[in-house]
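Input: a single structure, listed below in structure tokens.
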Amino acid sequence: MSGGARAVLLLCVLLGPPSRAAMATPRVVPTPGGVRWSGAALSGAPRTGAPLVAWQTALDDTGVVGAAVRLAIADTLAARGDTTGAEALLREPRLAHSLWGLDALLRRAGYRAAHGDTAGAAALLEQRDERDWRSAELAAWEARLASYRAALGDSAGAEGLALSAVDKSVANTAAGAEAFAVLLRVSRPATADRRRTLDLATITADWHAGRRTQAIERARAVARLARGTADEWRDVERVLQLCRDARQPRLALVYADSALKRATTPDRRERVQLTRARAYRDLGRPDSALRLYARIAASGSGTQSPMLAAWEGAREAQDRSRWREAARGFDLADSLSELLRDGATARVQEARSLAGLMYWLLGDVVRAEQRWRSSGDERSRFWLAISLRRRGASEGDSILRAEFAEKPGFGLYRVAARETLGVRSWNGRARAFEPDTVAPAFAEAVVRLAGPLGLPDVAARLVS
């Protein structure tokens with residue numbers, strides 16, 4: 001038995017046996033019809049003490065439960081001063097590739113740093129295996145390593161790690177804040193480029209900390225300093241996007257009006273004008289927005305902006321029940337998308353289908369069916385079938401039956417097709433399924449963690 005396990009067992013003996021209520025285990029019973037839960041709960045009244053005996057028993061579990069309780073036991077040991085025993089528990093190899101791998105690594109590094117071994121803490125983090133890490137976890141690792149690097153006097157290394165973590169603030173706000181604090185300690189903006197780097201990191205940190213107004217004002221200051229440089233329009237678009245994301249259309253309009261005076265190319269003018277149209281829309285001025293959308297869409301510049309303007313203008317007209325204007329806009333967006341060969345066309349891929357719907361609402365069945373036949377997506381095929389059925393053409397029922405009603409699933413169009421035809425959703429044929437050996441075990445792990453092991457937060461993390 002390891003030293004850490006002996007320490008835990010001693011603590012359990014000192015605390016005495018748990019109460020009967022604490023040992024009452026919710027049950028998970030696999031049945032042919034699924035998993036039956038009894039007495040399971042992910043939250044409830046807080047426990048008065050840690051169920052150390054139950055944790056000790058669960059250590060033998062080779063699945064998620066055994067990994068999860070290791071952290072709980074380690075925290076208990078560390079709180080009592082036994083960081084050696086805590087680190088021994090967290091050194092388990094299978095823990096590294098579990099959901100709690102990074103948590104264990106950060107704790108181990110923290111134990112070393114708390115004993116003054118900052119170099120050892122940094123070295124431990126640098127040995128990490130990030131094969132299964134998501135962006136949020138990588139940000140946490142970078143932020144913590146940056147703090148150790150700063151403490152060791154490696155300002156350049158700390159700054160690089162901190163900047164990377166700040167950039168990931170959208171995935172992990174807490175790590176971004178920790179990294180930004182390190183950045184403020186180590187950055188020495190001796191040159192304009194370094195000052196710009198710190199300013200951009202500050203904008204990101206302010207934004208994700210909820211300081212939206214400060215972020216926008218700093219972004220405007222950065223854009224002023226960048227006038228006449230290669231970064232100028234990248235900074236202008238950053239300000240406009242921040243205004244839009246902060247839902248401040250009036251500020252976006254004011255800034256766009258100012259930026260328009262400095263736009264020297266057709267593409268830049270169109271992009272600023274597109275921002276102005278969106279601001280008018282968000283301010284509840286649809287007529288001004290639609291006129292500007294139409295002007296941009298008719299420019300014929302061959303860039304993305306006319307296509308996006310036609311699409312957004314059509315959607316605005318659709319929302320205002322201006323069907324004819326919407327139909328023309330969707331047709332134009334569709335034709336402009338065929339001239340482009342980039343990812344932006346994916347944003348308007350439904351234009352032809354929606355154009356058909358607008359024409360159908362106007363009573364122009366011929367044009368509507370033409371658009372739907374040439375589109376071929378699910379929405380188009382459904383509405384084509386409805387239109388044909390309304391005209392008495394048998395092809396409509398054939399499409400509804402073969403392409404929707406008889407297909408498995410309960411999507412909107414499939415359910416609507418069955419109701420239209422008056423057919424049932426199940427065709428009477430049963431498919432054989434292999435027994436599920438994963439779900440019952442997973443469910444049992446969640447129940448154990450939330451119930452007798454007293455770790456509802458861990459259980460909630462599993463099912464989130």
Side-chain angles (χ1 to χ4, degrees), residues 1-18 22-23 46-130 132-134 136-138 140-141 143-145 147-148 172 174-175 178 445-446 448-462 464:
M1 182 181 293
S2 68
R6 281 195 296 271
V8 174
L9 188 56
L10 177 60
L11 288 171
C12 294
V13 171
L14 291 174
L15 289 173
M23 293 298 289
R47 295 180 181 274
T48 57
L52 291 170
V53 171
W55 289 352
Q56 171 70 21
T57 304
L59 272 178
D60 295 331
D61 189 292
T62 58
V64 294
V65 172
V69 297
R70 282 183 177 272
L71 266 75
I73 297 173
D75 288 344
T76 302
L77 292 175
R80 296 177 180 241
D82 184 9
T83 55
T84 302
E87 184 169 356
L89 276 174
L90 299 181
R91 205 179 293 127
E92 171 67 27
R94 62 188 174 91
L95 188 60
H97 299 293
S98 73
L99 184 62
W100 298 276
L102 177 64
D103 300 288
L105 183 63
L106 293 179
R107 279 170 168 79
R108 292 175 60 198
Y111 300 153
R112 298 187 183 189
H115 287 288
D117 186 10
T118 306
L124 180 63
L125 289 186
E126 287 171 345
Q127 297 171 8
R128 94 290 186 205
D129 184 346
E130 58 179 278
D132 303 321
W133 285 5
R134 299 169 297 176
E137 294 168 319
L138 188 57
W141 174 83
R144 191 61 50 82
L145 183 56
S147 68
Y148 294 150
N172 190 332
E178 179 183 349
V446 171
R448 288 179 65 193
L449 290 166
L453 294 176
L455 299 171
D457 291 342
V458 176
R461 184 175 175 182
L462 272 178
S464 63

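In what follows, every heavy atom counts, from backbone to side chain, and hydrogens, waters and symmetry copies are set aside. Predicted model, so just to flag it, every value in this text is computed and none were measured.
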Sub-3.5 Å donor-acceptor pair from the side chain of R461 to the main-chain atoms of L99, do we have one?
yes
Pairs satisfying salt bridge (Lys or Arg N to Asp or Glu O under 4.0 Å), at least one member in residues 64-79, at least two apart:
R70-E92, D75-R107
On a heavy-atom basis, which atom in A109 and which in A121 lie closest, and how many Å separate them?
O-CB, 3.3 Å
Please check this pair: side chain of Q127 against backbone of L124, looking for a donor-acceptor N/O pair closer than 3.5 Å.
no
Below 4.5 Å, heavy atoms only, C-beta onward: do V65 and L453 meet side chain to side chain?
yes
Do you know the tightest heavy-atom contact between G454 and P51?
N-CG, 4.3 Å
Rounded to the nearest 0.5 Å, what separates atom CG in D117 from atom OH in Y148?
10.0 Å
Interatomic distance, L106 atom CG to E137 atom CD [nearest 0.5 angstrom]:
9.5 Å
Taking all non-hydrogen atoms of both residues, which atom of L449 and which atom of A459 are closest, and how far apart?
CB-CB, 4.0 Å
Inter-residue atom distance R144.CZ - E178.CD, 0.5 Å rounding:
4.5 Å
Considering non-hydrogen atoms only, spot the tightest contact between A86 and A74 and give its length.
CB-O, 3.5 Å
State which residues pass side chain to side chain contact (heavy atoms under 4.5 Å, CB included) with A114; sequence neighbours excluded, sorted by chain then number.
none
Inter-residue atom distance R108.CZ - D103.CG, 0.5 Å rounding
13.0 Å
I need the L138 CG to W141 CH2 distance, nearest 0.5 Å.
6.5 Å
What are the two closest non-hydrogen atoms of G63 and R94, and how far apart are they?
O-NH1, 3.8 Å
For A175 and A143 the tightest heavy-atom approach is O-CB, 3.5 Å
Any chance you could measure L71, atom CG, to S98, atom OG, to the nearest 0.5 Å?
7.5 Å
Minimum side-chain heavy-atom gap T76-W55 below 4.5 Å:
yes
Verify side chain to side chain contact (heavy atoms under 4.5 Å, CB included) between L90 and L105, making sure each step is shown before the conclusion.
CA-CA 8 Å; L90 299 181; L105 183 63; over 6 Å; no
If you define the side chain from C-beta out and look only at heavy atoms, does anything of Q56 sit under 4.5 Å from V69?
no
For R112 and T118, what are the C-alpha separation, side-chain angles and deciding distance, and is it a side chain to side chain contact (heavy atoms under 4.5 Å, CB included)?
CA-CA 7 Å; R112 298 187 183 189; T118 306; over 6 Å; no
Given 3.5 Å as the limit, does a donor-acceptor pair link the side chain of W100 with the main chain of L95, or not?
no
